[in-house]
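Worksheet: the structure to be examined is printed underneath.
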Amino acid sequence: MQPYIPLEIIMKILTLGTRLREDAASWIVLSKRTYTWFERLLYGRIVIVGERQASQFLRCLRLRQMHEEFARTSINAMFLHGDIQGTTMIEILSLCTGISNLALASNTDPVHKNLSFLQPVLDALPLTALHLQIGFTLTDSSIANVNVFSRLTHLDIDDHDFFQHVRIESFPRLTHLALWGDLIRRENKMASSIQRLLNHPTMQVILLRSEDHGRLADFLEEHAFNDPRIVIGPEKQYSWDFLGRGYMLLWEIAEAKAKILEPNHNKHRCFPPSTIVNGLHQCMDIESVRRRDVNFQLTRCIVIGRDMNDRTSRMCRVFHRYGPDDWSDDDEDDDSMSSGDSDSHDGSDEEYST
């Protein structure tokens with residue numbers, strides 16, 4: 001007699017073994033019992049990189065019977081990245097009208113110039129979470145007729161001067177905000193902006209994403225910003241995998257840090273890049289990485305020889321001290337992560353260029 005394995009356990013095993021979209025596409029035709037499960041995994045959260053993938057997605061979608069209803073009811077989160085054309089983007093978002101979480105990291109001209117061409121489709125979506133990496137500064141006038149912002153609860157945007165140009169009152173439901181870039185380029189204005197954010201009645205988490213962790217921490221301490229809702233995080237880290245897993249990971253990590261009773265690093269709350277990387281690895285059920293392999297910056301250094309005459313330019317790793325990384329622990333001496341500890345490498349500069 002063959003042993004009986006419940007369908008839920010079979011699905012769990014197959015899901016854990018599914019790392020890529022191609023894997024899910026192969027499992028979906030395994031049997032009728034697995035079809036619905038992997039269809040949900042394959043289409044629930046969509047990640048599209050570039051115009052070619054976007055066009056392929058539209059062609060594949062239109063092969064289905066009642067494709068408009070399927071797109072509306074099955075797809076709830078989407079990441080559009082790369083050189084997707086504006087018309088293609090509109091076509092996709094016009095079909096997938098059930099999206100509540102949207103990430104736009106486009107480098108096409110229409111998006112760079114403004115969001116007006118996307119306004120009708122954005123306003124039609126039930127969006128509550130929006131990630132914008134478009135290199136465009138939003139202003140009161142540019143969002144005056146865009147209703148989607150009044151419904152957002154989560155906003156992640158690559159505009160360090162964001163609230164110099166936009167009133168926080170335009171976001172009455174905003175609870176989670178992430179800003180990134182050179183956040184303290186103009187300290188006095190940034191200080192007043194942070195205070196206005198803290199005064200916003202619905203605000204729960206303010207995530208400041210910066211490459212200069214130490215300078216930002218000093219700025220917060222200097223201005224006595226010790227509010228637990230303020231969290232420092234890494235700037236250029238993404239938390240979506242190919243199947244869209246981890247699409248809320250950034251917010252989950254930031255919220256967890258905001259809720260701890262005491263600061264986890266000196267007088268502030270923060271998390272390093274490895275927290276996101278290993279959080280995503282946990283979602284994908286793959287091995288964690290060492291903190292030292294992720295938590296560093298590459299910077300060009302002049303290495304001076306013993307005779308003081310031999311000088312060599314090379315790229316070096318500069319490590320920064322963080323609080324305990326609760327997603328990855330290398331069992332190493334914490335001093336190895338201290339600011340200024342450098343790990344220079346042999347080889348040409350090109351090997352370490354960014």
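Just so it is clear, the structure is predicted and the values come from calculations on it, not from any experiment.
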Considering all heavy atoms of both residues, which atom of C270 and which atom of K257 are nearest to each other, and what is their separation?
-> O-CE, 3.4 Å
Straight-line distance of W240 CH2 to H131 NE2, nearest 0.5 Å | 9.5 Å
Could I get the full list of salt bridge (Lys or Arg N to Asp or Glu O under 4.0 Å) partners for D218, not counting sequence neighbours?
-> none
Test item: I232 and L220 side chains (from C-beta on) under 4.5 Å apart, heavy atoms | yes
At their closest point, which heavy atom of H200 faces which heavy atom of L174, and how far apart are they?
-> CD2-O, 3.7 Å
Without swapping roles, check the side chain of R229 against the backbone of M203 for a donor-acceptor pair under 3.5 Å.
-> yes
Table please: side-chain donor-acceptor pairs of residues 72-80 below 3.5 Å, with sequence neighbours left out.
residue: T73; atom: OG1; partner: E69; partner atom: O; Å: 2.8
residue: S74; atom: OG; partner: F70; partner atom: O; Å: 3.0

Geometric class of the F225/H223 ring pair [parallel <30°, tilted 30-60°, perpendicular >60°] | parallel
d(L152 CG, T175 OG1) to nearest 0.5 Å is 10.0 Å
Any side-chain heavy atom of L118 sitting closer than 4.5 Å to one from L104?
-> yes
Which distance, rounded to the nearest 0.5 Å, do you find between the OH of Y247 and the CD1 of I46?
-> 13.0 Å
Does T128 use its side chain to pair, donor to acceptor, with the backbone of T153 at less than 3.5 Å?
-> no
Might you point out which heavy atoms bring A258 and V231 nearest each other, and give the distance in Å?
-> N-CG2, 4.0 Å
Answer yes or no: is there a donor N or O on one side and an acceptor on the other, between the side chain of N147 and the main chain of D123, under 3.5 Å?
-> no
Closest contact, heavy atoms only, S150 versus P172 = O-CG, 3.6 Å
So how far is it from S94 OG to M89 CE, rounded to the nearest 0.5 Å?
-> 12.0 Å
According to a 4.5 Å side-chain heavy-atom criterion applied to Ile, Leu, Val, Met, Phe, Trp and Tyr, with indirect links allowed, do V205 and L198 form part of one hydrophobic cluster?
-> no
Looking at residues at least two apart in the chain, or sitting in another chain, which of them share a salt bridge (Lys or Arg N to Asp or Glu O under 4.0 Å) with E221?
-> K267
Answer with yes or no whether the side chains of Q282 and N278 bring together a donor and an acceptor at under 3.5 Å.
-> no
Taking C-beta and beyond as the side chain, do L179 and I157 meet within less than 4.5 Å on heavy atoms?
-> yes
Less than 4.5 Å apart, any side-chain heavy atom of I302 and any of S313?
-> yes
R173 and T202 side chains, donor-acceptor separation under 3.5 Å | no
Hey, is the main chain of A178 close enough, under 3.5 Å, to the side chain of R209 for a donor-acceptor pair?
-> no
Results of salt bridge (Lys or Arg N to Asp or Glu O under 4.0 Å) for E91 - residues two or more places apart only | R62
What one should report as the nearest heavy-atom pair of S274 and V294 is N-CG1, 3.7 Å
Below 4.5 Å, heavy atoms only, C-beta onward: do Y43 and R64 meet side chain to side chain?
-> yes
So, for L249 and I276, which heavy atoms are closest and what is the spacing to 0.1 Å?
-> CD2-O, 3.6 Å
Using a 4.5 Å cut-off on heavy atoms from C-beta on, say whether the side chain of L207 contacts that of I253.
-> no
Scan for ring-ring contact (aromatic ring centres under 6.0 Å, His included) pairs involving residues 137-158, sequence neighbours excluded, and state none if there are none.
-> F149-F171, H154-H176, H154-W251
Counting only pairs under 3.5 Å, give me each side-chain donor-acceptor contact of residues 47-61, with atom names and distances, residues two or more places apart or in other chains.
residue: E51; atom: OE1; partner: Q85; partner atom: N; Å: 2.8
residue: E51; atom: OE1; partner: T88; partner atom: OG1; Å: 3.2
residue: E51; atom: OE2; partner: S55; partner atom: OG; Å: 3.3
residue: E51; atom: OE2; partner: T88; partner atom: OG1; Å: 2.7
residue: Q53; atom: OE1; partner: V49; partner atom: N; Å: 3.0
residue: S55; atom: OG; partner: E51; partner atom: O; Å: 3.1

Whether W180 side chain and L208 backbone form a donor-acceptor pair below 3.5 Å = no
Return yes if some donor-acceptor pair links the side-chain N/O of H281 with the main-chain N/O of E287 below 3.5 Å, else return no.
-> yes
Nearest-0.5 Å distance that lies between atom CD1 in I168 and atom CG in N199 = 10.5 Å
Is a side-chain donor or acceptor of H213 paired with a backbone partner of S210 at a separation under 3.5 angstrom?
-> no
Do the non-hydrogen side-chain atoms of L122 and L102 ever get within less than 4.5 Å of each other?
-> yes
Check: L125 main-chain N/O paired with R151 side-chain donor or acceptor under 3.5 Å | yes
